[in-house]
Amino acid sequence: MTSAPPSRYSACIELLFADNTPSYGDRIRRAAAAGFAAVEFWSWGDKDLADIESALAETGVGLAAMIAEPMLALTDPANHAQFLDGLRATIATARRLGAANLIGLSGNTRPGVPRDLQRRAVVDALSRAADLLAGTGIALALEPLNDRIDHKGYFLASTVEALDTVDAVGRPEVKLLYDIYHSAVMGEATDAVIGTRASRIAHVHLADHPGRHEPGTGKIDWRERIVWLRRAGYAGLIGLEYKPAGRPIPDLP
């Protein structure tokens, strides 16, 4: 762990500060002590929200992101009503905790169903989600995940297709979560897949590859990718979402 992380980085406390620390509130306190101004986590329904709320208030640390629950396949219209019901509760929790972004997941591909129909289903679900998010100041950030190592069968493995989906929704409440690790696993170059659409990015994640450990342990040109994103206009937080291997992190740009 870097001793003084820049304020533009967020610690994913599912993986960082988790050793011998079951309390997420205490993980937030550890992140604050390490210099982080923001944290994030995955699911919220299985956590002690009062503990988290107290730690956020005590430390002044912000909550960068959490998952929009329930995690259902949006590729299937039969799941949409349940997803939207759950999203209402997620939005209420996000407002309680001050979360800036909700992580949206497409779910897996439906075998035998034409891809264009599945994509239309995702667009429809996100469009209806945008109605619920309107006026809250909270973004639903759609995350493409690699389907080569970590998420076999996932529908949106392509950053370009995810951006096309965001554009098809065409609402400011729905944006992209760009994960440098997942993109690199898919063999993507950041400048090629983002192009002129950096304004669509709500949040960024970072881990190195191979191994999904801290930056500097793998072969990703992560520093160059971050610099490119900044130059392209992305001014938001970058979430450190890696499995710690105990190596010092080189200076973060």
Donor-acceptor pair, [X] side chain versus [Y] backbone, under 3.5 Å?
{"X": "Asp26", "Y": "Thr21", "result": "no"}
{"X": "Glu214", "Y": "Tyr242", "result": "no"}
{"X": "Glu241", "Y": "His205", "result": "no"}
{"X": "His213", "Y": "Pro244", "result": "no"}

Rounded to the nearest 0.5 Å, how far apart are [atom1] of [X] and [atom2] of [Y]?
{"X": "Asp19", "Y": "Arg27", "atom1": "CG", "atom2": "CZ", "value": "8.5 Å"}
{"X": "His80", "Y": "Leu74", "atom1": "NE2", "atom2": "CG", "value": "5.5 Å"}
{"X": "Phe83", "Y": "Leu132", "atom1": "CZ", "atom2": "CG", "value": "9.0 Å"}
{"X": "Thr196", "Y": "Asp191", "atom1": "OG1", "atom2": "CG", "value": "12.0 Å"}
{"X": "Leu206", "Y": "Arg212", "atom1": "CG", "atom2": "CZ", "value": "11.0 Å"}
{"X": "Tyr234", "Y": "Ile226", "atom1": "OH", "atom2": "CD1", "value": "10.5 Å"}

Apply salt bridge (Lys or Arg N to Asp or Glu O under 4.0 Å) to [X] and list each qualifying residue two or more places apart in sequence or on a separate chain.
{"X": "Arg148", "result": "none"}
{"X": "Glu224", "result": "none"}
{"X": "Arg120", "result": "Asp116"}

With side-chain contact (heavy atoms from CB on, under 4.5 Å) as the test, would you mind laying out the steps for Trp44 and Leu97 before giving the verdict? CA-CA 11 Å; Trp44 59 268; Leu97 301 179; 5.7 Å; no
When you compare the side chains of Ser183 and Tyr178, does any donor N or O come within less than 3.5 Å of an acceptor on the partner? yes
Apply side-chain contact (heavy atoms from CB on, under 4.5 Å) to the pair Thr109 and Arg115, showing each step before the final yes or no. CA-CA 8 Å; Thr109 300; Arg115 190 167 185 85; 4.1 Å; yes
Any Lys/Arg nitrogen of [X] or [Y] sitting under 4.0 Å from an Asp/Glu carboxylate oxygen of the other?
{"X": "Asp131", "Y": "Arg128", "result": "no"}
{"X": "Asp251", "Y": "Arg223", "result": "no"}
{"X": "Arg225", "Y": "Glu188", "result": "no"}
{"X": "Asp164", "Y": "Arg200", "result": "no"}

Please identify which of these residues, Arg95, Lys47, Arg96, meets the salt bridge (charged side-chain N to carboxylate O under 4.0 Å, His left out) condition with Glu53. Arg96
Is any side-chain heavy atom of Glu40 less than 4.5 Å from a side-chain heavy atom of Ile13?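 Counting from C-beta outward, Glu40 and Ile13 never come under 4.5 Å.
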Could you please spell out the steps behind the side-chain contact (heavy atoms from CB on, under 4.5 Å) verdict for Asp179 and Asn146? CA-CA 9 Å; Asp179 190 305; Asn146 82 78; over 6 Å; no
Around atom CD of Glu58, are there more than 12 heavy atoms of other residues, nucleotides or ligands at under 6.0 Å? yes
